Amino acid sequence: MSTNLISSYKKLMEKTKDIIVFASSEAIVHWDMETMMPPKAISLRSQQLSLLSRLEHQMSTSPEIGKLIQEITHSKDYDKLDAIQKRNVYLIKKHYDEQTKLPEELVAETAKQQAITIDTWKKAKAAKNYNMFKPELEKLLELRKKAAEILMEVKETATPYDALIDIFEPKMTAKEITRVFNELREGLVSILKKCEKAPNQPDTSILQRKIPIDIQRKIAVALSEAVGYDVTSKTAGGRIDETEHPFTTGYYDDVRITTHYFEEMFASSIFSVLHEAGHAMYEQNLNPEWMYQPVGNACSSGFHESQSRMIENIVGRSREFWTYFLPKLKELAGKTLADIALDKFVHAINQVKPSKIRVEADEVTYGLHIIVRFNIERDLFANKCTVKELPEIWNQRYKDYLGVKIENDSEGVMQDTHWASGYFGYFPSYALGNIYSGQILEVMNRDLPNWKTQLTKGNFKETKQWLIKNVHAHGNLFDPADLIKKITGKELTVKPYLSYLNEKYSKLYGF
Ligand code: ZN
């Protein structure tokens, strides 16, 4: 390999490292805004975030990066780079080409508007007042539409919405999502109907027993430890804080999660902690040799969700996990849960019931919440509906898809933070994550036939190692469609996920 190529590649990777470290600092400022920031700071914070994002934009679009990319891709020795180096160059070039096309002003304005829209969303949600939220959402949507139009050309996608999907799920399209979601919807509705008609119905009143928040905090730590997310040791790379909406943020050695405790809904924080711990462990266990390189990032949001929903549902809502953890929960909760039998508890946490709130939804109806959002986003970006019409459309779809009546917009269109954050195109990732997790589970069952028996004994180590080796360690070496094929040998298919659900719920409900 020529010394020129080696030195250009080295320089490019040094610049990239700076950008990655810078972005990780930005993430901490975001985290602080959500967890610790005093209310008065919002205007200052929106300026801080705007400046940081402008600087990051400048760093990743600097002409020197463009020059280095040119030198590398035009070098006669380019083919001597290995697969990992080539992937790094590809990912840097993709990001560079997109970012250089986005005007700095648009990027800064979007970051500022995001902070304002999130803040307004919080207030409007508390006041159950969509009209308060609407003008800020309109502004943010216009900014995202502008960006989507620009990105569509660079990414060569068929529609602006596809360009946004590509940010979270590279190379995925609304057309392909529509295809798998149609099959998913059919399968989910069929299982839902069987559950509704089944003889065994759960008693969920046990989940309304009051557990003080300080005890729930201890439960959250114990759960994290049970699945291997370290938040307590001297070498811990994680921590748990409290926010309105749970999330995960961080990079390799510092990956934090948040949750929300409800005194009369203790299961809510249990499953949000497991969910976010799944995200955090994926991020912490990306290949350490690739730290500070683009290839050392997560594959996609859908893969992220596959890992969070694996820990939350496939592991965290299994009879095997609670065989081990229920005695611990009882010990922590004192007398409150002392009389609860394992089977009753497992059925209660797996109740299938159409509901209004996505984050509280069960595994079977969850996908339907996502399909509603995906259809609305697709229409918004195709200019088939407006921000003003959102509440009405939302409520109608919830009636049609889930048969529930939305009483106010806080439990309707304003329930999620995504649109307020400008994350249009993200929602499909959740359901894609479920689909991936079903495919991954099928292979895991074959490779580790004993993993569930181990789980009853509180031994999750081997399973975690399997996930690290087969999923996490691949980082961003492949696009999602190639990664799922690499792991499972198959293309994207909903069948394994639907058979996992069918098998699990037929046992629970007796159909
Ligand atoms: Zn998630």
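Throughout, residue positions are numbered sequentially from 1 according to the sequence presented. Nothing here was measured: the structure is a model prediction, and the numbers come from that model. Note that ligands are numbered from 1 as they come in the structure, with each ligand's atoms numbered from 1 the same way.
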Look at the aromatic rings of [X] and [Y] and report parallel, tilted or perpendicular, splitting at 30° and 60°.
X	Y	value
Y426	F168	perpendicular
H245	H418	perpendicular
F321	Y324	perpendicular

For OE1 in E305 and NE2 in H275, the angle at the Zn ion (ligand 1) (nearest 10°) is 90°
Metal proximity, E276 vs the Zn ion (ligand 1), N/O/S cut-off 2.8 Å: no
Whether H304 has an N, O or S atom under 2.8 Å from the Zn ion (ligand 1): no
Ignoring hydrogens, what is the shortest heavy-atom contact between Y436 and S306? Give both atom names and the distance. CB-CB, 3.7 Å
